[in-house]
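Remarks on the structure that follows.
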Amino acid sequence: MKPVFLYDTTLRDGTQGEGFQLSMLDKLRIAERLDRFGIDYIEGGWPGSNPKDIEFFREASKLDLKHAKLAAFGSTRRADLAVEEDPQVRLLLEASTPVVTIFGKSWELHVTEVLRTTVEENQAMIRDTVRYLKENDREVVYDAEHFFDGYKDSPEHALATLEAAAEGGADVLVLCDTNGGTLPEEVLEICTKVKERIPGTPFGIHTHNDCELGVANAVAAVRAGGIQVQGTVNGYGERTGNCNLTSVIPILQLKMGLEVIPALEGLQALSYFVDDVSNNPHFARAPFVGRTAFAHKGGMHVNAVQKLARSYEHIEPQRVGNSQQILVSELSGQSNILIKAEELGLKLEKGSDEAKSVLTRVKEMENAGYSFEAAGGSLELLIRRELGSYEKPFDLKEFHTSYRLYRDGHQPVCEATVKLYVGDVGEYTVAEGHGVVNALDKALRKALLPFYPEIEEVSLTDYKVRIIDGHDNTAAKTRVLVVSSDGEHSWGTVGVSENIIEASWIAIVDSIDLFLQRRGVLATKSADTPSAARA
Ligand SMILES: CC(=O)SCCNC(=O)CCNC(=O)[C@H](O)C(C)(C)COP(=O)(O)OP(=O)(O)OC[C@H]1O[C@@H](n2cnc3c(N)ncnc32)[C@H](O)[C@@H]1OP(=O)(O)O
Ligand SMILES: CC(=O)C(=O)O
């Protein structure tokens, strides 16, 4: 038997988080993915809540799940209503899942002030509902809502509610830190007490992240003997979210030696998948699966990881499907530059004049507002220039942009002109665009296309602007980061200026320039300029 079962509630508790909505089809896709990844239980939703969840369970019954069991979620019967007559409980059975999870009240405050019923009736609601579901052949997970708050208020009351669930035949008692305010040492102590008092029924844990302790509290419960961990992918959930499965799973497996997932290297892909399906941005600093979880920037750290990765990495990134990254910035040493050069297939020697010069230039340019972290393309050009493997594709003479707004209702016009030379052939082009930067980009391409038709393949896929504060009485500057693609590779380039148009121009020119350097078309073109044909 598995030491700890993983129970995913992304499709139910995850959707209680702001900005996390899923269509029925989204839920089906995520359920299939969770199953493939090796999750043991998938809580699909609350059929008593909305038609989408009812439909989900209808459709989910057709899925060919290889491993996971589907769970329908709901509450205990309502006060003073026979369980067989409670429509919400009936919908739980109609969901036809092998597992049903119900939550009940553990905190006396909630019994008297929210349910507005008696302690005895609350226990009966729990016992009756669990028993009824067991009689209908369901595996029953009992979620003890507010268990830790309830226990701290009255241990006897909270334990009596668990005993009611155990008497009803619950398969597992899941202790919930619903408000997320409990500390790990309290979880450890209270879970230990529960185990002593109710040894015949295993317990699990469901935590929230209000004190950033969702994962730590789940780990504490496992240390106390918990056999089920509930959580959501990427920690989505109400308020600050739930216990993050993308953190707790590798902790259980890699730190505590508990085999919970057969192919852990699928973890990062699962994380990205759920972000993509829910249309949420990836959280770069997420432990284990974040884009920067194994990104090294400080020069000394880069030097060390190059010699021995584990000097600054707590696990091998590949074990969770992630990878090491080296960043170049003003905090770099030669090691950062050398690794980047090697990645680019360019040869730089440690201690060489070229390596020192690239490093100095990076530091000077970052001081002037550049940032190379996301601008590998501009860094590559810098290295190529230092190594002498750079050939200038054209000489700019001037550019000009204008924005014309008409008072007669005519659409505004954004226009740019570019005058440049390729070898000794001059080009003077004009173009209109959606904005002045777009017009400038078009005019530049128009001027270069006769010489370098390959640039048709390049498109700008992202354009980001950031204002950098001025200092020592200097004006504020604009940093423009452009991401380009040729359909196969993408690269980032950066420009900085007090003028946004000039900053954009620098970034765009670097982008095209790098593409041409990489294609190696410059040497042939300089000997083969179409001057005669174009004269
Ligand atoms: C800790 C958790 O995450 S629990 C899950 C919370 N998730 C959700 O609430 C999302 C889904 N919820 C819903 O769609 C709706 O709230 C529904 C359909 C369940 C209920 O809607 P309504 O019937 O209109 O009731 P409403 O939401 O206003 O109030 C909840 C009712 O459930 C009762 N209730 C709360 N907990 C329980 C429980 N464990 N057992 C039985 N009844 C309960 C409350 O007392 C209240 O009834 P009352 O106003 O008569 O006292
Ligand atoms: C059951 C549940 O989601 C909670 O108590 O947080």
Side-chain angles (χ1 to χ4, degrees), residues 7-18 20-22 41 43-54 56 71-83 85-92 100-119 121-130 132-133 140-151 158 161-162 164-165 168 170 172-182 187 203-210 213-214 217-218 221 228-232 235-243:
Y7 183 110
D8 180 279
T9 178
T10 309
L11 306 182
R12 196 279 299 175
D13 220 354
T15 62
Q16 288 179 211
E18 186 177 346
F20 191 77
Q21 284 104 16
L22 299 172
Y41 293 87
E43 190 174 86
W46 184 340
S49 168
N50 57 70
K52 188 204 290 175
D53 284 0
I54 294 178
F56 167 80
F73 179 87
S75 76
T76 57
R77 70 164 170 83
R78 292 187 69 104
D80 304 319
L81 184 67
V83 66
E85 284 165 28
D86 189 311
Q88 184 263 147
V89 176
R90 182 169 42 77
L91 285 168
L92 281 173
V100 172
T101 300
I102 52 157
F103 78 97
K105 300 288 188 192
S106 324
W107 191 357
E108 198 168 342
L109 175 90
H110 267 258
V111 177
T112 55
E113 303 303 319
V114 179
L115 293 184
R116 298 193 176 147
T117 188
T118 62
V119 164
E121 172 63 358
N122 179 49
Q123 288 169 18
M125 287 157 70
I126 297 169
R127 192 182 303 104
D128 292 355
T129 316
V130 174
Y132 181 65
L133 295 168
V140 178
V141 176
Y142 174 69
D143 276 4
E145 192 194 18
H146 292 114
F147 184 76
F148 296 94
D149 295 313
Y151 185 95
T161 63
L162 286 187
V172 57
L173 307 170
V174 177
L175 314 180
C176 303
D177 186 25
T178 307
N179 292 3
T182 309
V187 171
F203 75 91
I205 185 79
H206 173 117
T207 55
H208 281 264
N209 210 26
D210 301 70
L213 290 170
N217 282 339
Q228 181 184 109
V229 170
Q230 297 194 353
T232 61
Y236 288 115
E238 199 144 350
R239 306 186 304 279
T240 58
N242 286 53
C243 169

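As the structure is a computational prediction, the values presented were derived from the model and not from experiment. Just so you know, ligand 1 is whichever comes first in the structure, and atom 1 is the first atom listed for that ligand. Worth knowing before you read on, the calculation uses all heavy atoms, side chains too, and leaves out hydrogens, waters and symmetry mates.
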Within the protein, is there a heavy atom lying under 4.0 Å from [atom]?
atom                    : result
atom 29 (O) of ligand 1 : no
atom 7 (N) of ligand 1  : yes
atom 3 (O) of ligand 1  : yes
atom 36 (N) of ligand 1 : yes
atom 42 (N) of ligand 1 : yes
atom 22 (P) of ligand 1 : no
atom 14 (O) of ligand 1 : yes

Would you mind checking if Arg78 and Glu85 are paired as a salt bridge, meaning a charged N to carboxylate O distance below 4.0 Å? no

Please compare [options] and report which has the shortest non-hydrogen distance to [atom].
atom                    : options                : value
atom 34 (N) of ligand 1 : Ile126, Leu115, Asn242 : Leu115
atom 2 (C) of ligand 2  : Gln16, His206, Glu145  : His206
atom 32 (O) of ligand 1 : Arg12, Arg78, Arg77    : Arg78

Pairs of nitrogen or oxygen atoms closer than 3.5 Å, one from [X] and one from ligand 1: do any exist?
X     : answer
Thr76 : yes
Gln16 : yes
Ser49 : yes

Please report the shortest heavy-atom distance between [X] and [Y], naming the atom on each side.
X      : Y      : value
Gly204 : Val172 : N-CG2, 3.8 Å
Pro47  : Gly45  : CD-O, 3.5 Å
Ser75  : Gln88  : N-OE1, 2.8 Å
Gln230 : Cys243 : O-CB, 3.7 Å
Leu81  : Asp86  : CD2-CA, 3.6 Å
Gly44  : Asp53  : O-OD1, 4.4 Å

Thr240 (side chain) donor-acceptor with Asp210 (main chain) under 3.5 angstrom: yes

Determine whether a donor-acceptor pair (N or O, by modelled atom type, separation under 3.5 Å) exists between the side chain of Thr129 and the backbone of Arg77. yes

Would you call the rings of Phe103 and Trp46 parallel, tilted or perpendicular if under 30° counts as parallel and over 60° as perpendicular? perpendicular

What protein heavy atom is closest to [atom], reported as residue, atom name and distance in Å?
atom                   : answer
atom 3 (O) of ligand 2 : Arg12 NH2, 2.9 Å
atom 5 (O) of ligand 2 : Thr178 OG1, 2.6 Å
atom 1 (C) of ligand 2 : Asp143 OD2, 3.5 Å

Decide yes or no on side chain to side chain contact (heavy atoms under 4.5 Å, CB included) for Val174 and Phe147, but give the supporting numbers first. CA-CA 9 Å; Val174 177; Phe147 184 76; over 6 Å; no

Any idea which part of Trp46 is under 4.0 Å from ligand 1, heavy-atom wise: side chain, backbone, both or neither? side chain

At under 4.0 Å between heavy atoms, which part of Arg116 makes contact with ligand 1: side chain, backbone, both or neither? neither

List every atom of ligand 2 that sits less than 4.0 Å from any heavy atom of Asp13, numbering the atoms from 1 in the order shown and giving each element. 3 (O)

Do we see a donor-acceptor contact under 3.5 Å between the side chains of His110 and Asp149? no

Enumerated ligand 1 atoms positioned under 4.0 Å from heavy atoms of Met125: 40 (N), 41 (C)

Considering both backbone and side-chain atoms of His208, is one of its nitrogen or oxygen atoms within less than 3.5 Å of a nitrogen or oxygen in ligand 2? yes

